[in-house]
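Here's the structure, in C-alpha cells; my notes come after.
Because the structure is a prediction, the values reported are computed rather than measured. Proteins come first, then strands; the chains are lettered A, B, ... in the order of their sequence lines, and each starts at number 1.
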2 protein chains.
Amino acid sequence: MVGKLTIQDIARLAGVSKATVSRVLNAKPDVDPATRERILQIMQEQGFVPNVAASSLAGGRSRLIGVVIPPLTWPLITEILRGVSEVVEQSSYELLLYSVAHDLGDYEKNKGTVIDRILASHLASGLLAVYPGSSIPHLTKLYDQGFPVVIIDDRETPTHVPWVSADNQTGAAAATRYLLQLGHRRIAFIQGPLEYEVSLKRYQGFCEALKEAGLTPDPELVQQGNFMAKSGLPGAKQFFTMEKRPTAIFAGNDQMAYDVLEDAEAHGVRIPGDISLIGFDDIPSSAYTRPALTSVRQPFYEMGRRATELLLSQLDAPRPVPTSYYPAILPLAMQNTSANYLQLPTELIVRASCTSPR
Amino acid sequence: MVGKLTIQDIARLAGVSKATVSRVLNAKPDVDPATRERILQIMQEQGFVPNVAASSLAGGRSRLIGVVIPPLTWPLITEILRGVSEVVEQSSYELLLYSVAHDLGDYEKNKGTVIDRILASHLASGLLAVYPGSSIPHLTKLYDQGFPVVIIDDRETPTHVPWVSADNQTGAAAATRYLLQLGHRRIAFIQGPLEYEVSLKRYQGFCEALKEAGLTPDPELVQQGNFMAKSGLPGAKQFFTMEKRPTAIFAGNDQMAYDVLEDAEAHGVRIPGDISLIGFDDIPSSAYTRPALTSVRQPFYEMGRRATELLLSQLDAPRPVPTSYYPAILPLAMQNTSANYLQLPTELIVRASCTSPR
DNA sequence: CTGTTAGCGCATTCAG
DNA sequence: CTGAATGCGCTAACAG
C-alpha cells in the first residue's frame, strides 16, 4: 500500500509550515516561486496524494463531481460517459457515478431523492445530470443556489442551467429530407416516449421536412415506442401488416430500428429492398447490422466532454492561478465560460439501409 | 438545496449526545432500543444524511468503492457496470469510477499509478478491478495488506485475491464442439491479444475440443487480433484468400467476428453458406447482425453483481489480521474459497451464423 | 509572503 | 447503556 503521507510530512521535509504546503497544493498565488517549486518537487518524489476526505471536510469543496445517469442499458450512456471520464481524468477531480434506477418508472420517481442525497452527503461539489427529465426544475433551484450543475439533455423545461444537447430537430429533418430525396413519399415514424422532449423534437424535425416537401404527416404512419429494445416491435408489425405499407421507416432511435430489422425478417420484408430504414443516434453497433443502418449520429462523446468542461469551468471559476500541483485543466474548459449553452450538430451517417423506392 | 443537518442537530432534537446518534448511525449494538428508534425516526423526518467526508476522515472508512475499468469503448464494460451499480445502489456505498485510459497501451502503463492514487487519496475503501491485466501482482499485495479487493477477470496471474470470471475455456470448447458436431473439420481461430489470459483460455478450449475429436490445431488456421474493432480484418482476409479455406471461423470475440462478417461481404463469401462463423461474448448487438451471430455468452451483468457482492462482504467483515510473511496461515475468511472465487458458466447462444459444411 | 490558530463533522476512545 | 473529550488531515482565517 502507498505510504500514508500527510501534508505534515511534506512540510517537515521541505522545512516549511503545513499552511504553505496547503497553499501550493491549492495553487494559491501568494507563495514564493522557489518554495513552491521545492515543495512540488518533494510531493512528486514522495508520491504525495492529499487526503480527499480531509480536504473536503475542511474546505467544503470536494474534488468529486457527481454524474447522475439513467440506466446503463442505454448504449449511448456509455459514449457520454467516455467523454466525461476522459475530461475528468485530465483534471484533479474524480467521478462519482450515480446510476439512478433500472427501469423508467423508478428512474423518474427516484431522481429527486437521489439528487438530494448526493447533495446532503456533501460528497460531490458539482453535478452533471444526464437526461434528468422531470427533475430539471429541481436542478434549476440547485443551480440558483450556487451549486454547479450542467445538464446533458434536450432540455424539457426552459432553464438557465448550463446545458449541452444535440440538435435533434435539425437532425431528424435532415434524415427525413434524405428519404424524400430518395423519392419516398409514404414515410413512417416510430416515436419515442412522449414525456421526452427529444422525442418531440425528432418528430417535429420529421414533420418539418415533410411539410417542406408539401406532405402532411399521416397519423396512421406514426407509431409509439419507448426508445428501449423491443419497444419498436409493435409499431414495426403494424407497418408491415398494413394494406398500403410505407416505403420507408424512420425509427426514433437505433434500438427501435433494430426491432424493425428483426421484425422485417419475420415478415419476409427486405430492407432496404422493400422498405428503407433510418435510425437515430448511430450507436456503435449500427455499423454492424445487416444491412448496416443509416442513422443520425449524435455526438455523445463530444457532448460528454463539453458538458464536463462546462462543469469544471464553473467549479474552477474562483481559482485564480492554473499553476497547481494537479494536472492543468484543459484550456477549452476555460474558454467555455462564455458559452453556457451548447447545441451540438448531428451528422447523417449514410449506410446501406436506404434506397429509392421501387 | 437540502438543509445542512449535522449529527449535532439530530442530537439536540432527540435530547441525546452526538455520540449516541453516531452509534445508531453505525448500527452499534449498545444503544437502548427505544432511544435508537426515536433517533432513527428523527433522522428520517429531517432527511438527515451523514457527511461522508467527515465520517471517512474520522473513521478511516469511506463508504465509497472504487471501480477501475478499462476504456468504456468495450461494450461489455457497460454490462458489468450495470451489475455493479445495481448492487451498490442497494447498499450504503457509492461508486467511484476510474476509467483508466483510452487505448490499450496507456491502460497497461497507467494502471498501477492510478491504483496508487486511488489508495493514497483515501477515498475508496475497497477496489473492484475489471480486467486489471498486468497489475494483478500489485492488487495482490494490496489485498495482502488488508485492503479489500475483488477482481473481475480470467486471472492472468495466480492469485488468492477474490475474483469472478467466466469460464472461458469451457465456453470456447463448447463452441468448438458445436462446430464439430455440425461436421466442420477445418476450423479457423482468430485469437485475442496473447497478453490476456482470456485469449489463451479460449484458445485452449478450442484446442481441447479439437483434440477430443482427434484433430490437431493447424497453425495456419490461427490468426491474431486484439479484441478491438477492425483487428480481426487481417485474419479474416487471410482465411478468405487461402487456397483451401476453412469451413468455419471461431472469432475470439464478437467484435472480431463482426470484422469477419464485414470482410466476407467484400470477398463475396457467404456466411453461413460458405463459411460458418461463431463469436465469443454475445454483446447485445450480435443479435442484430446479419446473419445473427452465434456466440458464447459471458454473464457480464451477473459477474458485475457477484463481484460487487463479494467486495461488500469483505467490507462488512474486514479481515482482522493482514496476512504477513506466512501465506500458508490464512485467516478463516480467506479459506472460505468456495465463496471467494467464482467462475460463472457461459452459454452458447445459437443463432444463424453456423450451418453444416457443404 | 509565511507561520499560527481554529475548527470542518464525525467516530472513537474513556469515564461514568 | 450513555456523555464528554480527543483527533482524523486539511483549509481558512488570522496575524506577523
- Item | side-chain N/O B:S17 vs D:dT2 OP1/OP2, d < 4.0 Å |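 No, outside the criterion.
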- Task: Would you please confirm or rule out a distance under 4.0 Å between OP1 or OP2 of D:dT2 and any side-chain N or O of B:T35?
- Result: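 The answer is yes; a side-chain N or O of B:T35 sits under 4.0 Å from OP1 or OP2.
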- Query: Does the side chain of A:E37 pick up a donor-acceptor pair with the side chain of A:Q41 at under 3.5 Å?
  - Reply: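 Not at all, the side chains of A:E37 and A:Q41 share no donor-acceptor pair under 3.5 Å.
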- With no hydrogens and no angle check, do the side chains of B:D144 and B:H160 hold a donor and an acceptor under 3.5 Å apart?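 Judged by distance alone, the side chains do pair up.
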- Salt bridge present between B:R12 and B:D9 (N-O < 4.0 angstrom):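 Looking at B:D9 together with B:R12, the answer is yes, because their closest N to O distance falls below 4.0 Å.
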Using atom [atom1] of [X] as one end and atom [atom2] of [N] as the other, report the distance to the nearest whole Å.
X	N	atom1	atom2	answer
A:I39	C:dC1	CD1	P	13 Å
A:D30	D:dA12	CG	P	12 Å
B:H122	D:dG7	NE2	P	19 Å

- Message: Looking at A:R23, is its backbone amide N or carbonyl O close enough to the side chain of A:N26 to form a donor-acceptor pair, meaning the two atoms are under 3.5 Å apart?
- Response: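 The answer is no, because no donor-acceptor pair under 3.5 Å joins these two groups.
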- Do you know which of A:S91, A:S55, A:S92 makes side-chain hydrogen bond (donor to acceptor under 3.5 Å, both in side chains) with A:R63?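 Testing each of A:S91, A:S55, A:S92 against A:R63, the sole residue satisfying side-chain hydrogen bond (donor to acceptor under 3.5 Å, both in side chains) is A:S92.
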- Note on the structure: Readout for nucleotides 5-14 of chain C: B = base within 4.0 Å of protein heavy atom, S = sugar-phosphate only, - = neither; 5' to 3' it is --BBBBBB--
- Query: Restricting to pairs with a member in residues 303-315 of chain B, which pass salt bridge (charged side-chain N to carboxylate O under 4.0 Å, His left out), not counting sequence neighbours?
  - Reply: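 Non-adjacent pairs meeting salt bridge (charged side-chain N to carboxylate O under 4.0 Å, His left out): B:E86-B:R305, B:E302-B:R306, B:R305-B:E309.
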